[in-house]
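These notes are about the structure you will find just below.
Chain letters run A, B, ... following the sequence lines, proteins first, then strands; residues in each count from 1.
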There are 2 protein chains.
Amino acid sequence: MNDVAKLADVSLKTVSRVVNGTESVSAAKAVRVEAAIRELGFRRNEQARQLRQGTTATIGLIIEDLADPFYSTLARAVEEVAHAHHHALLVSSSAEDPRRAEELVRSLSGRGIDGLIITPAEGMDPRVLAAEGEAGCSLVFVDRPSVDVDADTVLVDNRGGTAAGVRHLLAGGHRRIAFVGDTASLYTAQERRIGYLEALETAGIERDDNLVLMANPAAPESGEAFLALLDQADPPTAILAGNNRWSVRVVRLLRQRGIGVALVGFDDFELADALEPPVSVVAQDPAAVGRLAAELLFSRLAGDTGPRQHIQLGATLIPRGSGERAPR
Amino acid sequence: MNDVAKLADVSLKTVSRVVNGTESVSAAKAVRVEAAIRELGFRRNEQARQLRQGTTATIGLIIEDLADPFYSTLARAVEEVAHAHHHALLVSSSAEDPRRAEELVRSLSGRGIDGLIITPAEGMDPRVLAAEGEAGCSLVFVDRPSVDVDADTVLVDNRGGTAAGVRHLLAGGHRRIAFVGDTASLYTAQERRIGYLEALETAGIERDDNLVLMANPAAPESGEAFLALLDQADPPTAILAGNNRWSVRVVRLLRQRGIGVALVGFDDFELADALEPPVSVVAQDPAAVGRLAAELLFSRLAGDTGPRQHIQLGATLIPRGSGERAPR
DNA sequence: CTGTTAGCGCCTTCAT
DNA sequence: ATGAAGGCGCTAACAG
């Protein structure tokens with residue numbers, strides 16, 4: 001910028017004015033400065049500008065796993081809103097590791113992001129996040145609520161969605177409905193199980209813990225646990241799968257067994273409609289989660305100091321065939 | 001940092017030394033400084049540090065669409081390598097828009113990223129990218145080659161992979177093999193078509209342009225174009241789908257028609273093995289593309305000034321059933 | 001081992 | 001409308 005000023009024979013500040021276009025500069029000088037900028041290929045150094053102004057025009061996003069379709073769709077929506085607000089997006093995956101998540105928060109925070117959208121990993125130290133809020137970094141939690149931190153949240157109606165799936169199976173005449181969810185320590189898995197239990201209770205059906213399996217859908221031994229659930233004396237005639245990983249696994253296992261049990265999955269997935277039979281699901285809208293979280297964040301950055309918002313998005317039942325099979 | 005220095009009654013520079021841990025400081029002072037840091041909740045401002053050092057410990061990634069499984073898997077791999085090198089990752093989607101891609105490059109570049117991994121959008125002004133190289137920002141192209149820019153590249157063997165898929169169909173006795181690829185302006189679509197044509201030529205089969213369709217798999221009218229291809233007088237007995245979007249669409253359309261044409265898809269996709277019949281594919285390894293590109297970038301950042309590297313990754317045929325159907 | 005000085009590139013304040 | 005001076009928070013280069 002100094003070089004530009006010299007070449008155009010004006011002061012540093014005049015160049016700054018031309019570059020920013022905020023204050024007025026005489027036409028003659030503006031032309032000279034612009035010519036000099038072109039000649040030198042000058043580009044404003046954002047870092048220096050940000051250091052001075054105390055803003056980075058960057059927001060952070062910490063999710064479980066960027067390669068997971070749910071999170072990559074959410075991230076894409078956040079990115080779109082950030083782009084519309086002329087902000088860049090720093091993305092990181094915590095990989096379900098609370099220590100790594102804490103490290104990422106500190107790392108992003110040190111880079112001076114203006115705001116942070118985060119899916120908190122189970123077991124994170126809430127103080128790390130609370131420190132952000134105090135440091136003036138706006139915080140929005142997605143998919144899971146904040147633990148001991150007062151901040152905006154955007155969640156999905158896990159209980160209601162699961163209950164709707166269970167009611168659909170009940171309406172189809174099923175009475176022995178199993179719930180197969182992810183590890184019990186996960187917030188979303190807990191909520192969905194509660195929704196399942198509530199729907200059964202409302203229908204006056206007694207709870208049977210032999211019909212509930214909570215396990216990591218990626219672990220090999222989970223497959224055997226599921227088959228054991230199927231093979232019990234009074235087996236389920238329908239299954240509610242607690243996430244799309246389990247839905248996929250259940251489809252494969254049922255196929256191997258050649259059993260026509262009814263199935264409703266929580267969370268939609270690509271090609272669910274092209275399987276045989278097409279898989280009925282309770283669909284979340286990950287793009288809407290990301291979009292709303294980002295819009296909430298930018299409204300905070302714009303100065304909205306209203307009360308904390310806790311947005312809950314609905315989940316929609318999509319009947320496709322697998323959930324409409326009659327009980328044996 | 002000034003406050004810490006005052007509280008610990010040492011100089012600014014001593015605090016800096018303690019924070020960075022590089023130079024040696026007497027134990028007594030170090031303890032005092034550390035106590036002061038804790039008391040004040042001091043955290044080093046990365047921005048200021050970076051401004052001074054001229055490095056940001058941040059790399060950029062510009063891809064077509066973060067929500068696309070191919071790119072999100074690639075991005076996840078890049079992120080992992082960046083994390084191992086203590087770098088953050090700025091991610092942006094160009095959405096196939098060359099103007100937006102140029103804007104993103106300038107935006108990321110202004111933020112002073114140390115390096116950039118990019119899938120160039122068709123129609124981008126090469127000067128925008130060339131400017132980065134000159135500005136000292138290392139550049140690696142992925143999935144598509146650089147256009148008029150001398151930089152490292154990591155590509156997939158699109159021609160060889162497609163040719164392998166075609167040879168597999170030929171070995172199964174097919175002679176009328178169609179190629180259904182994405183818009184002809186896309187680099188990867190062009191390459192895969194060339195691989196298809198080369199494999200046919202090697203086998204001594206005459207080229208028939210009625211068996212080639214190049215169109216956007218997401219456009220409604222593409223479905224009709226595909227059905228027209230199937231309905232011609234001398235129809236194909238096998239199809240090579242040029243990307244996973246087309247594979248999925250072909251599966252659905254064939255299903256509607258109830259036709260048992262053989263199918264091999266380029267690029268693997270989730271649940272390809274759970275469809276009826278399971279879809280044979282020529283699989284790319286998006287994670288490997290991302291990992292190698294990031295490793296290449298960091299070796300450049302570490303000072304490797306060797307000749308430009310042009311890495312080409314293979315694509316592997318995975319027979320699953322749909323590609324093994326005999327010709328009618 | 002420790003402190004002082006200067007400056008990264010820009011913007012804000014206050015003069016003119 | 002313009003410019004000079006000062007400082008954002010930190011670290012490199014030099015003294016001691």
Shortest side-chain distance from A:S24, nucleotide among D:dA1, C:dT2, D:dG9 =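 Side chain of A:S24 sits closest to D:dA1.
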Sequence neighbours left out, what passes side-chain hydrogen bond (donor to acceptor under 3.5 Å, both in side chains) with B:R52? Give chain and number order.
->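 With sequence neighbours excluded, B:R52 shows a side-chain hydrogen bond (donor to acceptor under 3.5 Å, both in side chains) to no residue whatsoever.
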Looking at residues at least two apart in the chain, or sitting in another chain, which of them share a side-chain hydrogen bond (donor to acceptor under 3.5 Å, both in side chains) with A:D65?
->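 Here the qualifying residues are B:R76.
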What side-chain donor-acceptor pairs closer than 3.5 Å can you find for residues 26-34 of chain A, not counting sequence neighbours?
residue : atom : partner : partner atom : Å
A:R32   : NE   : A:A8    : O            : 2.8
A:R32   : NH2  : A:A8    : O            : 3.0
A:R32   : NH2  : A:D9    : O            : 3.4

Show me the donor-acceptor pairs within less than 3.5 Å that the side chains of residues 148-155 of chain A make with the rest of the protein, sequence neighbours left out.
residue : atom : partner : partner atom : Å
A:D150  : OD2  : A:R308  : NE           : 3.4
A:D152  : OD1  : A:R300  : NH2          : 2.9
A:D152  : OD1  : A:Q309  : N            : 2.7
A:D152  : OD2  : A:R300  : NE           : 2.7
A:D152  : OD2  : A:R300  : NH2          : 3.4
A:T153  : OG1  : A:H310  : ND1          : 2.7

May I ask you to decide if the ring planes of B:F298 and B:H85 are parallel, tilted or perpendicular, using 30° and 60° as cut-offs?
->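 Rings of B:F298 and B:H85: parallel, under 30°.
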Please give, in whole Å, the distance from D:dA1 C1' to A:R32 CZ?
->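 Between C1' of D:dA1 and CZ of A:R32: 13 Å.
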Whole-Å distance separating the CG atom of A:D9 from the C1' atom of D:dT2 |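 After rounding, the gap between these two atoms is 13 Å.
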Would you mind building the protein contact string for nucleotides 10-16 of chain C? One character per nucleotide, 5' to 3', B for base within reach (heavy atoms under 4.0 Å), S for sugar-phosphate only, - for untouched.
-> BBB----
Using a cut-off of strictly less than 4.0 Å, decide whether B:T14 has a side-chain nitrogen or oxygen near OP1 or OP2 of C:dG3.
->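 Answer is yes, contact under 4.0 Å.
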For B:S26 and C:dT2, is the shortest distance between a side-chain N/O and OP1 or OP2 below 4.0 Å?
->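 Answer is yes, contact under 4.0 Å.
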Name every donor-acceptor pair, under 3.5 Å, that has one atom in a side chain of residues 118-127 of chain B and the other anywhere in the protein, sequence neighbours excluded.
residue : atom : partner : partner atom : Å
B:T119  : OG1  : B:V142  : O            : 3.4
B:E122  : OE2  : B:Y187  : N            : 3.2
B:D125  : OD1  : B:R127  : N            : 2.9
B:D125  : OD1  : B:R127  : NE           : 3.2
B:D125  : OD2  : B:R127  : NE           : 3.2
B:D125  : OD2  : B:R127  : NH2          : 2.7

